[in-house]
Amino acid sequence: MKHIVATLVQDALAELPELAEAARKLAIESTVERTRDASHGDFASNIAMRLAKAARKNPREIAASIVAALGDSHEIDKVEIAGPGFINFYLSPTAFHVELETALRKGADYGRQPLKEGPKILLEFVSANPTGPLHVGHGRLAAFGATVGNLLAAAGYPVIREYYVNDAGRQMDILGASVWLRWLQINGVDVPFPQGGYRGDYIRDMAGIIDTVDLVVPSAADVLDGLPPDAPDGDKETYIDALIATAKKLQGSDGFDHIRQQSLESIRVDIEDDLKEFGVTFDNWYSEQSLAKSGRIDEALTVLEKRGILYKKDGATWFRATDYGDEKDRVVVRENGAKTYFASDIAYHFDKRERGFDYLIDILGADHHGYMARVRAGLDAMGYESDDMEIELVQFVILYRGGKKMQMSTRSGEFDTLRQLRAEVGNDAARFYYVSRSNDQHLDFDLDVAKSQSSDNPVYYIQYAHARIASVFRQLAEKSLQWNQSNGRAQLELLVQAQEKALMTSLSRYPEVLELSANNRAPQHLVHYLRDLANDFHTYYNAHAFIVDDADLRDARLYLIAAAQVIVANGLTILGVSAPEKM
RNA sequence: GUCCCGGUAGCUCAGUCGGAUAGAGCACCAGAUUCCUAAUCUGGGGGUCAGAGGUUCAAAUCCUCUUCGGGACGCCA
């Protein structure tokens, strides 16, 4: 709807050469905005003030000449100059009626842009290590990433959602060793569990069900033979590395791999199921192991080597990250020959571009902010513009119950996993609250509010607007009445009540909100918009009956709320929240 | 120490390329409610936008400094 006004201003400017010159660098669309106050009309442009300096004229004078040059439009009722030089536009009812009609005609597609050719976007999110179930912090990454994905898709971008599985490296060996030890314990081998191991119950559960038929259970003495002391007497890292070596020796490298691979795959599948239940799905699950196997890591290192970006020091191979703005150089190959996570990471991002994606978005936990500089450095060094990569950091989540902050450490075990959270508040509320704040803000997640089924709870308030409209149509049927949609369209002029105007105005904002949310990766705009919209609808509902005797008025009112229902449903769908017919 | 994020009403938060009188929900106060769902409604009070300086016709918004809070700074992943 904004473009109606922008186009008008643009055309007027074309008639005014002396202003057009000054306005050349100005995006007209950016001067037009919704008014905060209905007494200022529907849209206002601040273009006169923006041009004042370049045109060397006072703003009100400029505004006057623009207004004089405005063409006639049946979509504009009135134009006024106000304040220091704002041009206020009052749109005609017709303009709003057309918008309602479009919403009903397009239905689920309303607000969506047609698919663009590009840029092709790779959206990577969650990517939690497969060492255990997702916790509540990952839930926010999942909800935020999925919603940003939906927003980008709605904005017409070809977008692929990807989960990078860190299934290589030492963490996986520790996982394998943890499961192995639990398996030993189940088989009656009396060995202590390492301090540095994964202690969750899921490890024991896996140990009980994984396939180990070919493996011979060693004796406790063999396992403990030659192990250094564990913490607190010794170092837990040294201890667990020795334990991994022992496991490989006793079970054979293949035997240990067998346990490790089953364990991580079992966890990965569990994560995938968890996310699927949460309505979060991926196009690709990209394995770090496959990155090594395909030779991408070596390939990337070779490219860097050739470009002279690597050097040796203290037996390790270093990447000159400082040349690319990082604070210090980083190791890519350790003294012991093992490639670091950073090496995989360079290769992974290189691979994303090699697969043909033009624009990369990584959604990471805030604790990863230290990686931003070096991942960019890696891309730059590989010959790709790091400008084509965007990193969105998501801040932490703090759960509250009964007004008190909850402890969420794994050790306390009080409340930890995404599954527990979903079970307690439901998927809809979880998806909603996770994206209700900007990603760069800490999120206080109040379990009591999220669970409450009242209008205090924005999720229910919005969903209820949708259900309430469905209910009105059910009652219409019960009264053996029918909605004549085309008559409703023809009678929209009858909608003159303040609440009707307000609702129409809110509805017409939807495409603009969607665009804003997508461009800024900011689902919270959509969240707040939907709450406002639901409020406008409920206010209307409380002020006026829809199922009235006057058939023309009734059809028109039903037309309006049917459009509202479409938009509430579309918005909720983008957030991954259900739009129920009944509550 | 360096870097990242933040500080807006009693509480939780909007306010996104600077724009007109800084908004919402909760809480609080006063009313209403035989009515399509009480899974309420109407109205009201409440602000040094952390502080100071700067840029601008215009600053919660941009810049600098100060202060407070959270986080990150490994040959871990």
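Residue numbers begin at 1 in each chain, while the letters A, B, ... track the order of the sequences.
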Among [options], find the nucleotide with the atom closest to the side chain of [X].
{"X": "A/His442", "options": "B/G69, B/U16, B/U42", "answer": "B/G69"}
{"X": "A/Glu335", "options": "B/A39, B/C75, B/U37", "answer": "B/C75"}
{"X": "A/Lys53", "options": "B/U12, B/U56, B/C75", "answer": "B/U56"}
{"X": "A/Asn520", "options": "B/U16, B/G19, B/G70", "answer": "B/U16"}
{"X": "A/Leu393", "options": "B/C4, B/A72, B/A14", "answer": "B/C4"}
{"X": "A/His369", "options": "B/U16, B/G69, B/A72", "answer": "B/A72"}
{"X": "A/Arg437", "options": "B/G15, B/G19, B/C13", "answer": "B/C13"}

Taking atom [atom2] of [N] as reference, at what distance in whole Å does atom [atom1] of [X] sit?
{"X": "A/Asp326", "N": "B/U2", "atom1": "CG", "atom2": "C1'", "value": "12 Å"}
{"X": "A/Asp314", "N": "B/G74", "atom1": "CG", "atom2": "C1'", "value": "14 Å"}
{"X": "A/Phe396", "N": "B/G6", "atom1": "CZ", "atom2": "C1'", "value": "14 Å"}

[X]-[Y] side chain donor-acceptor pair, cut-off 3.5 Å:
{"X": "A/Ser39", "Y": "A/Asp37", "result": "yes"}
{"X": "A/Tyr433", "Y": "A/Asp446", "result": "no"}
{"X": "A/Asp362", "Y": "A/His349", "result": "yes"}

Base, sugar-phosphate, or nothing for [X], non-hydrogen atoms under 4.0 angstrom?
{"X": "A/Ser438", "value": "sugar-phosphate"}
{"X": "A/Glu237", "value": "nothing"}
{"X": "A/Ala44", "value": "base"}
{"X": "A/Asn129", "value": "sugar-phosphate"}
{"X": "A/Thr131", "value": "nothing"}
{"X": "A/His525", "value": "base"}
{"X": "A/Ala168", "value": "sugar-phosphate"}
{"X": "A/Asn88", "value": "base"}
{"X": "A/Met583", "value": "base"}
{"X": "A/Ala52", "value": "nothing"}

Determine the Euclidean distance between corresponding [atom1] atoms of [M] and [N]; express it in Å to zero decimal places.
{"N": "B/G23", "M": "B/G45", "atom1": "C1'", "result": "16 Å"}
{"N": "B/G15", "M": "B/A60", "atom1": "P", "result": "16 Å"}
{"N": "B/G25", "M": "B/U42", "atom1": "P", "result": "9 Å"}
{"N": "B/G19", "M": "B/U12", "atom1": "C1'", "result": "28 Å"}

Does [N] have OP1 or OP2 under 4.0 Å away from a side-chain N or O of [X]?
{"X": "A/Arg468", "N": "B/U37", "value": "no"}
{"X": "A/Arg50", "N": "B/A58", "value": "no"}
{"X": "A/Gln441", "N": "B/G70", "value": "no"}
{"X": "A/Lys328", "N": "B/G74", "value": "yes"}
{"X": "A/Arg531", "N": "B/A14", "value": "no"}
{"X": "A/Ser471", "N": "B/U37", "value": "yes"}
{"X": "A/His528", "N": "B/G23", "value": "no"}

Hey, what's the ring geometry for A/His538 with A/Tyr464, parallel, tilted or perpendicular (30° and 60° as the breaks)?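 Ring orientation of A/His538 relative to A/Tyr464: parallel.
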
Do A/Phe144 and A/Phe125 have ring centroids that are under 6.0 Å from one another?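 Ring centroids of A/Phe125 and A/Phe144 are no less than 6.0 Å from each other.
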
Drop me the distance from A/His544's NE2 to A/Arg557's CZ, to the nearest 0.5 angstrom.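 Output value for this atom pair is 6.0 Å.
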
Reported CD-to-CD1 distance for the pair A/Glu390 and A/Ile361, which is rounded to 0.5 angstrom: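 The distance works out to 4.5 Å.
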
Side-chain donor/acceptor contact of A/Tyr464 with base of B/U37 under 3.5 Å: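 Answer is yes: a donor-acceptor pair is held.
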
